[in-house]
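Following: one structure in structure tokens, then a few remarks.
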Amino acid sequence: MDFETLIYHQKGHIGTLTINRPEALNALNETVLHELTLFGEHIRSNQEIRVLIITGAGDKAFVAGADIKAMQEMTPEEAEKFSHTAQTAFNQIENLPFAVIAAVNGFALGGGCELALSCDIILASGKAKFGLPEVTLGLLPCFGGTQRLPRAIGLYKAREMVFSGAFYSAETCKEFGFVNHVFAPEELLNEAQKLAETIALRGPVAVAKAKQSLNTGIELHISEGLRQEAALFGELFTTEDHHEGIEAFIEKRVPHFRGN
């Protein structure tokens, strides 16, 4: 598919999606959000992809937030619709049936931080800055930030980030627990690629089922989550990949997973 604000490249089992509005620090407007939704719908059916890396164009920003000027004249009804539009786009990313890595190369503010939180793993450049500054505009994070952030780092740290509207370094966010690793700027994409390559070698159906168990299980009582985990484990025994994985282990060779 051709997009106005997104660039997609795929090599083998690994795709890279770039938010491409560098002149606006990759800020999210209606077009970007609409295209992210379309991209999510389209890429879901791609049988070859096993890992997706998301990053921002240029060297200043991952995504510097929403397009503030576009919000200036919104009515309350339009604002609520804008929030739902973004939530739909980010839900598409969160629910993709494969691993999604955010490679945060610069500012990840407001909607940019919320986009990163919708990914499975967050890798950051040492110069990256995270924050939810909406309260400085008299607003609140509305692209999922008030819901995903406390699930990632706990309610008290989330309150600090949301109520202060402050910017936080990548290292601080790693300490908070929602950034997995911090790398030198010039190493970020290579490290994201290396992690993607590692994940791509694993059983893709197994990764998808594990993602499902993790993402939905956190919302369940542990007894229900354990039942779901056992059921998903059982489902994997219907796959060819499970036979290949066990046979490769017994034969002491590298498994060749086909995703079925």
Side-chain angles (χ1 to χ4, degrees), residues 1-12 14-43 46 49 51-71 82 85-86 88-90 92-94 96 98-133 141 143-145 167-170 173 178-197:
M1 297 181 68
D2 292 326
F3 296 105
E4 179 183 338
T5 65
L6 307 177
I7 298 174
Y8 180 67
H9 171 73
Q10 184 172 330
K11 183 176 181 181
I14 299 170
T16 301
L17 179 69
T18 303
I19 313 298
N20 187 38
R21 295 187 72 213
E23 74 288 348
L25 297 180
N26 303 320
L28 301 169
N29 59 14
E30 291 272 6
T31 302
V32 180
L33 295 172
H34 177 64
E35 292 190 345
L36 276 172
T37 300
L38 290 178
F39 173 81
E41 293 170 351
H42 174 73
I43 203 68
N46 185 327
I49 188 169
V51 186
L52 175 67
I53 298 169
I54 299 180
T55 193
D59 59 1
K60 294 182 179 179
F62 174 69
V63 169
D67 192 330
I68 304 302
K69 290 183 180 179
M71 292 191 288
F82 185 56
T85 297
T88 297
F90 291 3
Q92 283 280 358
I93 299 301
E94 183 176 52
L96 288 172
F98 42 77
V100 181
I101 299 171
V104 180
N105 52 313
F107 290 111
L109 307 176
C113 186
E114 291 167 300
L115 173 59
L117 286 165
S118 72
C119 299
D120 299 307
I121 297 167
I122 302 176
L123 307 182
S125 157
K127 70 175 186 178
K129 298 288 184 183
F130 294 82
L132 294 166
F143 292 1
F167 295 1
Y168 295 81
S169 70
C173 292
F178 74 94
V179 169
N180 294 77
H181 301 285
V182 180
F183 300 105
E186 65 275 11
E187 296 175 357
L188 176 63
L189 287 179
N190 284 338
E191 292 294 336
Q193 182 71 24
K194 285 199 290 187
L195 178 57
E197 289 170 356

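When a residue number appears, it is its place in the shown sequence, counting from 1.
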Between the CG atom in Leu188 and the NE2 atom in His181, the distance rounded to the nearest 0.5 Å is 12.0 Å
| query | So, Glu23 side chain and Leu25 main chain: donor-acceptor pair closer than 3.5 Å or not? | reply | no
Is any side-chain N of the basic residue among Lys194 and Glu197 closer than 4.0 Å to the acidic one's carboxylate O?
-> no
inquiry  = Looking at Ile101, is its backbone amide N or carbonyl O close enough to the side chain of Asp120 to form a donor-acceptor pair, meaning the two atoms are under 3.5 Å apart?
reply    = no
Do side-chain atoms of Asn180 reach the backbone of Ile122 as a donor and acceptor pair under 3.5 angstrom? yes
ask   = Are the side chain of Asn105 and the backbone N or O of Ser125 linked by a donor-acceptor pair below 3.5 Å?
value = no
### Query
Is Thr18 close to His9 at the side-chain level, that is, under 4.5 Å between some pair of heavy atoms?
no
Interatomic distance, OH@Tyr168 vs CG@Leu132, rounded to 0.5 Å, equals 9.0 Å
Check your understanding: Does a donor on one side chain and an acceptor on the other come within less than 3.5 Å for Thr31 and Glu4?
Key -> no
Worksheet item: Side chains of Phe62 and Ile19: closer than 4.5 Å at any heavy-atom pair?
Response: no
Glu35 side chain to Thr5 main-chain N or O, any donor-acceptor pair under 3.5 Å? yes
Sorted by chain and residue number, the ring pair (Phe, Tyr, Trp, His ring centres under 6.0 Å) partners of Phe98 (sequence neighbours excluded) come out as none
Is there side-chain contact between Tyr8 and Leu52, with heavy atoms separated by less than 4.5 Å? yes
Could you tell me if the side chain of Leu17 sits less than 4.5 Å from the side chain of Phe3, heavy atoms only? no
Within the 4.5 Å heavy-atom criterion, are Ile54 and Cys119 side-chain neighbours or not? yes
